[in-house]
Amino acid sequence: MSEVRVRFAPSPTGLLHIGGARTALFNWLFARHFGGRMILRIEDTDTARNTPEAVAIIFKGLRWLGLDWDEGAQEGGGNLGDYGPYYQSQRSELYQKYAARLLAADQAYREADGAIRFRMPRTPGVVRDLICGEITFDRTTEPDPTIVRKDGTPVFHFVNVVDDMEMRVTHVIRGEDHLSNTHKHIAMFEALGALPPRYAHIPLILNPGGSKMSKRDVGASIGEYIEQGYLPAAVRNYLCLLGWSPKDNREVIGISEVIEKFDLPQINRGNARFDLNKLYWLNGEYWKALTADEYHAYAKNYLQQRGVSVGGIDAQYLAGVFDIVREKIKLGRDLPDWVEPFFNEEFAYDEKSLMVTLREPEARARIEKLSAAFGTVGEWTAARLEETLKALAAADGVKAGAYVHPCRAGVAGRAVGPSLYHMLEVMGQERVLARLRRTLTMNF
RNA sequence: GACCCUAUCGUCUAGAGGCCUAGGACACAUCCCUUUCACGGAUGCGACACGGGUUCGAAUCCCGUUAGGGUCGCCA
């Protein structure tokens, strides 16, 4: 096989769609597996929604997923590679040239209003798809597709073919929604005297309701995952599993291994429904697998992006807080809330800690005893604090929980949170005692 | 409506004629662990769409039906 050249050709719609992201991923995987080249072409012929911001969202999403490209459109509007420009909006002359050529050869004709139509061959259209197999389309009643509108702008099917030809694309890997149109593309290649690329149509991603995932569906945009603090490797791993499988019962699989094993024939033919639950679980697996440094850097960065300033906080304290919170959550989204009571002395008391715990008749007395005992505890470690608290409970003949709950509520204002003793250890004696004292002065 | 694709637990999938009383994962349920919430561990629930063939034998091959999805644009 000569050098593999694949392309991902998104149109700027304002978001990077999850289906598009998977198409990009499969193209990328194929290119990397065969040592080929990945090309990014921006299909921005629809001028209405073509804005620099919309294009930037595509770059951002691909970069975030770790999908790089060897050739094509670049951030800032640049082009990299010998077959550019890679923005269709900058290739109008080329399309005009090829339309004229088709017209001259009578393979296309002009309508009264100026639009140009391609003369469809009336022979059966045969598509040999690398995933779907050989399919034959009857074209006896197929209308001639428009390739240039009456206003002179070229139509998608035509520019797609011209660009794939000009850019020497060898394999077109795209969504199955294009399968029924592929014979038209092949006919255009042939009319232009070019060899068509090999086609591979991958199944669609359906929403939980079972229809094609649209931009309005929850989870449809890669931007959502960035914002919610999903880990890119987890999202990428999940996308790999939609229509492809390592076939050995593993779910968590490193990208280099996917590259090694990936090939087109093993891709499933049936559409797959999107399951946010499984992605969430998978993200948890990657969350746990992060090294301490990676996790700390991620947490700090995410919080800052969410407008939570952690700049002035002692690095060691910050790391301690991050560490005890980590095992309780699965993604960045939960970080701000879990971390809040550690950084903010004005933390809010949630309803449950207030109503159920702090208003209990014995709560006040227990917090007083806790204050006294913690004030003279000596070594401020989780183990020592646990011992101290349990001794208090034992002396009263009650379960540890009777002390744990008011303590947690008083110190963090929450009914749920990280392991209490570790939380106290991280917070430090001074802060804990101050908060307990303050709780006593409050009127619930 | 015409054409095309697809059809294994609720979901993602393993399965390419006997290894299948169909395996794994998510979700769900129960139990264990436990100060909460998670995590983890154990167990359970749960599928070959239906009908015909072919074959000694079919989840696997063929045909039909049904269902789902897609395409039929001077959208991409």
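Because the structure is a prediction, the values reported are computed rather than measured. Any value given below was found using the heavy atoms of this structure, including those in side chains, with hydrogens, waters and symmetry copies removed. Chain letters run A, B, ... following the sequence lines, proteins first and then strands; every chain starts at 1.
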_Going by purine N1 to pyrimidine N3 plus the second Watson-Crick contact, or the G-U wobble pair, all under 3.5 Å, which nucleotide sits opposite B:G44?_
B:C28

*Across all strands shown, which nucleotide pairs with B:U21 by Watson-Crick or G-U wobble geometry, both distances under 3.5 Å?*
none

Quick one: which protein N/O atoms are closer than 3.5 Å to N/O atoms of nucleotides 70-73 of chain B? Pair and distance per line, please.
{"from": "B:G70", "atom 1": "OP1", "to": "A:Lys212", "atom 2": "N", "distance (Å)": "3.4"}
{"from": "B:G70", "atom 1": "N2", "to": "A:Ser180", "atom 2": "OG", "distance (Å)": "3.4"}
{"from": "B:U71", "atom 1": "OP1", "to": "A:Lys212", "atom 2": "NZ", "distance (Å)": "3.3"}
{"from": "B:U71", "atom 1": "O3'", "to": "A:Asn181", "atom 2": "ND2", "distance (Å)": "3.3"}
{"from": "B:U71", "atom 1": "O2'", "to": "A:Asn181", "atom 2": "OD1", "distance (Å)": "3.4"}

*Could you check how far CD1 of A:Ile202 sits from C1' of B:U13, rounded to whole Å?*
17 Å

_Looking at A:Arg149, I'd like to know whether one of its side-chain N or O atoms comes within less than 4.0 Å of OP1 or OP2 on B:A76._
yes

*Using the P atom on both, measure B:C37 against B:C28 and round to a whole Å.*
15 Å

*If you measure from the C1' atom in B:A38 to the same atom in B:C32, how many Å do you get, rounded?*
16 Å

*Determine the Euclidean distance between corresponding P atoms of B:A2 and B:C20; express it in Å to zero decimal places.*
44 Å

_Presence of salt bridge, A:Glu257 and A:Lys261, under 4.0 angstrom_ = yes

*In whole angstrom, give the distance that lies between atom CZ of A:Arg250 and atom C1' of B:G23.*
16 Å

*Carboxylate-amine/guanidinium contact A:Arg269 A:Glu176, below 4.0 Å*: no

*C1' atom, B:U8 versus B:G23: distance in rounded Å?*
11 Å

*Taking NZ from A:Lys247 and P from B:A25, how many angstroms apart are they, rounded to a whole number?*
18 Å

List every contact pair, protein side and nucleotides 58-61 of chain B side both N or O, where the distance is under 3.5 Å.
none

_Atom-to-atom span, CZ of A:Phe274 to P of B:G69 - whole angstrom_ = 19 Å

_How many whole angstroms separate atom CG of A:Asn207 from atom C1' of B:G10?_
15 Å

*In the 5'-to-3' direction, what one-character label does each nucleotide of nucleotides 26-46 of chain B receive under the scheme B = base within less than 4.0 Å of a protein heavy atom, S = sugar-phosphate only, - = no such atom?*
SS-------BBBBSS------

*With P as the reference atom in both, quote the distance from B:G10 to B:C45 in angstrom, rounded to an integer.*
14 Å

*State plainly whether the residues A:Arg168 and A:Asp163 are in salt-bridge range, i.e. N to O under 4.0 Å.*
no

*Within the structure shown, what part of the strands sits under 4.0 Å from A:Gly284 by heavy-atom distance: base, sugar-phosphate, or nothing?*
nothing

*So, is A:Thr45 near the phosphate of B:A76, with a side-chain N or O under 4.0 Å from OP1 or OP2?*
yes

_Taking the basic N atoms (NZ, or NE/NH1/NH2) and the acidic carboxylate oxygens, is any pair closer than 4.0 Å for A:Arg384 and A:Glu379?_
no

*Can a salt bridge be assigned to the pair A:Arg122 and A:Asp144 using a cut-off of 4.0 Å between side-chain N and carboxylate O?*
yes

*Base partner of B:G68, which must satisfy Watson-Crick or wobble distances under 3.5 Å*: B:C5

_Please report the distance, rounded to the nearest Å, between CD in A:Glu43 and P in B:C75._
15 Å

*Roughly how far, to the nearest 0.5 Å, is OH of A:Tyr95 from CG of A:Asn160?*
9.0 Å

_Salt-bridge present (A:Glu285, A:Lys288; N to O < 4.0 Å)_ = yes

*Paired with B:U60: which nucleotide, if any, by Watson-Crick or G-U wobble criteria at under 3.5 Å for both distances?*
none

_Whole angstroms only, please: what is the CD-C1' distance between A:Glu251 and B:C12?_
8 Å

*For A:Tyr238 and for A:Asp151, find the nucleotide of RNA chain B with the closest heavy atom, then tell me which residue's nucleotide is more 5'.*
A:Tyr238

*Could you measure between the two P atoms, the one in B:U60 and the one in B:G18, and give it in whole Å?*
12 Å

*Would you say the side chain of A:Asn207 lies within less than 4.5 Å of the side chain of A:Ser214, judging by non-hydrogen atoms?*
no

*Across all strands, who's sitting opposite B:U55 as a Watson-Crick or G-U wobble pair, both distances under 3.5 Å?*
none

_Closest approach to the side chain of A:Ile135, judged atom by atom: which nucleotide of B:C5, B:A76, B:C74 is it?_
B:C5

*Should B:C74 form a Watson-Crick or G-U wobble pair with both distances under 3.5 Å, which nucleotide is its partner?*
none

*asked:* Can you check the distance between B:A16 and B:A59, where both ends of the measurement are the C1' atom (answer in whole Å)?
replied: 11 Å

*Ion pair check, A:Asp334 and A:Lys328, cut-off under 4.0 Å*: no

*Distance between the C1' atoms of B:A58 and B:G40, in whole angstroms?*
41 Å

_Under-4.0 Å salt bridge between A:Arg149 and A:Asp151_ = no

*In whole angstrom, give the distance that lies between atom CD of A:Gln88 and atom P of B:C75.*
14 Å

_Any carboxylate oxygen within less than 4.0 angstrom of a Lys/Arg side-chain nitrogen, looking at A:Arg414 and A:Glu340?_
yes

*Do the side chains of A:Tyr98 and A:Met188 get nearer than 4.5 Å, heavy atoms only?*
no

*Given A:Asp164 and A:Arg41, is the salt bridge (Lys or Arg N to Asp or Glu O under 4.0 Å) satisfied, shown in steps?*
CA-CA 10 Å; A:Asp164 285 343; A:Arg41 180 172 76 224; 2.9 Å; yes

*With RNA chain B as reference, determine whether A:Asn268 or A:Ile131 sits nearer its 5' end, using the nearest nucleotide of each.*
A:Ile131

*Do the non-hydrogen side-chain atoms of A:Phe274 and A:Val218 ever get within less than 4.5 Å of each other?*
no

